Amino acid sequence: MEYYIAILLALAFFIYSISFRQLARAELTGPMYFVLTGMVVAAIFLAEFKIGQPLEQLLPLVELTLAVVLFSDAAKTRLAILKRAYKYPVLLLFVALPLTFCATVLTGYLLFPEMSVLALALLAIILTPTDAALSKGILEAKAVPLKLREAINVESGLNDGLCVPIFLFLFLSWQLGSWQPPMKMLEFMFVKSG
């Protein structure tokens with residue numbers, strides 16, 4: 001089964017490589033194309049997968065796909081523009097990101113008052129780091145200033161990395177049922193990984 005999936009994905013990469021300009025004109029970005037491809041592949045092999053089945057064989061393929069998508073975004077960054085306009089990504093990452101997290105926790109509390117603050121914080125840290133992949137068509141328009149495009153591209157690439165340690169801390173605390181000190185999180189990570 002893994003070989004068939006690999007062949008289908010290689011075919012999808014080939015089709016994308018020869019038609020990406022036409023897809024861009026149709027406002028279909030690379031991530032959107034590969035999400036659709038993943039849905040088609042999943043539908044084809046739906047009978048093969050069972051709930052609770054270990055998917056270790058597919059993990060390298062998932063990691064490779066994620067690396068390709070993230071690398072393609074990072075490769076488009078124009079460093080000369082970023083050096084002049086570094087303030088925008090800094091504001092987005094260190095002001096807007098924490099404000100979005102806090103606003104999401106507050107909104108979650110207003111909508112779901114029965115949920116614990118820990119569960120709301122975990123939900124917020126999952127929702128906060130947005131990806132600009134779905135708005136690539138708009139961001140690549142000539143009407144959008146170049147500095148703003150670069151700022152959003154950089155923020156989109158870095159926000160996940162900034163939120164992962166917070167997610168791990170919140171997830172561990174949620175698993176253990178109460179807030180945990182950061183040292184407990186580090187101890188847990190080192191014991192589990194090695």
Side-chain angles (χ1 to χ4, degrees), residues 1-49 55-101 103-104 124-164 167:
M1 174 181 68
E2 296 87 18
Y3 296 115
Y4 293 123
I5 293 174
I7 290 169
L8 284 175
L9 290 178
L11 181 64
F13 272 106
F14 176 72
I15 291 170
Y16 180 74
S17 68
I18 62 173
S19 64
F20 72 93
R21 285 190 180 88
Q22 291 82 4
L23 292 171
R25 274 190 247 128
E27 298 295 327
L28 186 66
T29 64
M32 291 167 68
Y33 170 81
F34 285 108
V35 165
L36 290 172
T37 301
M39 291 170 64
V40 169
V41 170
I44 291 170
F45 292 100
L46 189 59
E48 301 285 330
F49 294 107
L55 299 175
E56 288 89 17
Q57 307 97 330
L58 294 179
L59 186 60
L61 192 60
V62 171
E63 290 173 345
L64 176 66
T65 304
L66 181 62
V68 166
V69 170
L70 293 178
F71 177 75
S72 68
D73 281 348
K76 294 177 186 174
T77 302
R78 296 177 182 106
L79 293 177
I81 295 167
L82 187 59
K83 286 178 185 176
R84 292 190 309 252
Y86 66 91
K87 294 175 189 169
Y88 295 123
V90 168
L91 282 172
L92 288 170
L93 288 168
F94 298 111
V95 176
L97 193 68
L99 286 175
T100 303
F101 173 76
T104 306
I125 203 65
I126 291 169
L127 296 174
T128 296
T130 59
D131 190 3
L134 297 177
S135 61
K136 284 289 185 194
I138 296 168
L139 288 176
E140 292 176 355
K142 300 294 182 205
V144 178
L146 199 56
K147 291 179 181 180
L148 185 60
R149 272 188 265 165
E150 289 304 314
I152 292 173
N153 190 33
V154 169
E155 190 273 341
S156 176
L158 294 177
N159 62 11
D160 295 324
L162 291 174
C163 289
V164 165
F167 168 79

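All of these numbers come straight from a predicted model, not from anything done at the bench.
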**Asked** With sequence neighbours left out, what residues match Tyr33 under ring-ring contact (aromatic ring centres under 6.0 Å, His included)?
**Response** Tyr16

**Prompt:** Under 4.5 Å between any side-chain heavy atoms of Tyr88 and Leu148, yes or no?
**Reply:** no

**Asked** Are side-chain heavy atoms of Ile15 and Leu11 found at a separation under 4.5 Å?
**Response**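 The answer is yes; the side chains approach within 4.5 Å.
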
**Prompt:** What residues form a side-chain contact (heavy atoms from CB on, under 4.5 Å) with Thr104, not counting sequence neighbours?
**Reply:**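 So Thr104 forms a side-chain contact (heavy atoms from CB on, under 4.5 Å) with Thr100, Ala124, Leu127, Thr128.
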
**Prompt:** What are the two closest non-hydrogen atoms of Phe101 and Ile125, and how far apart are they?
**Reply:**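 Between these two residues, the closest heavy atoms are CE1-N, 3.7 Å.
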
Please output the side-chain donor-acceptor pairs of residues 90-98 that fall under 3.5 Å, not counting sequence neighbours, one pair per line with the distance.
none

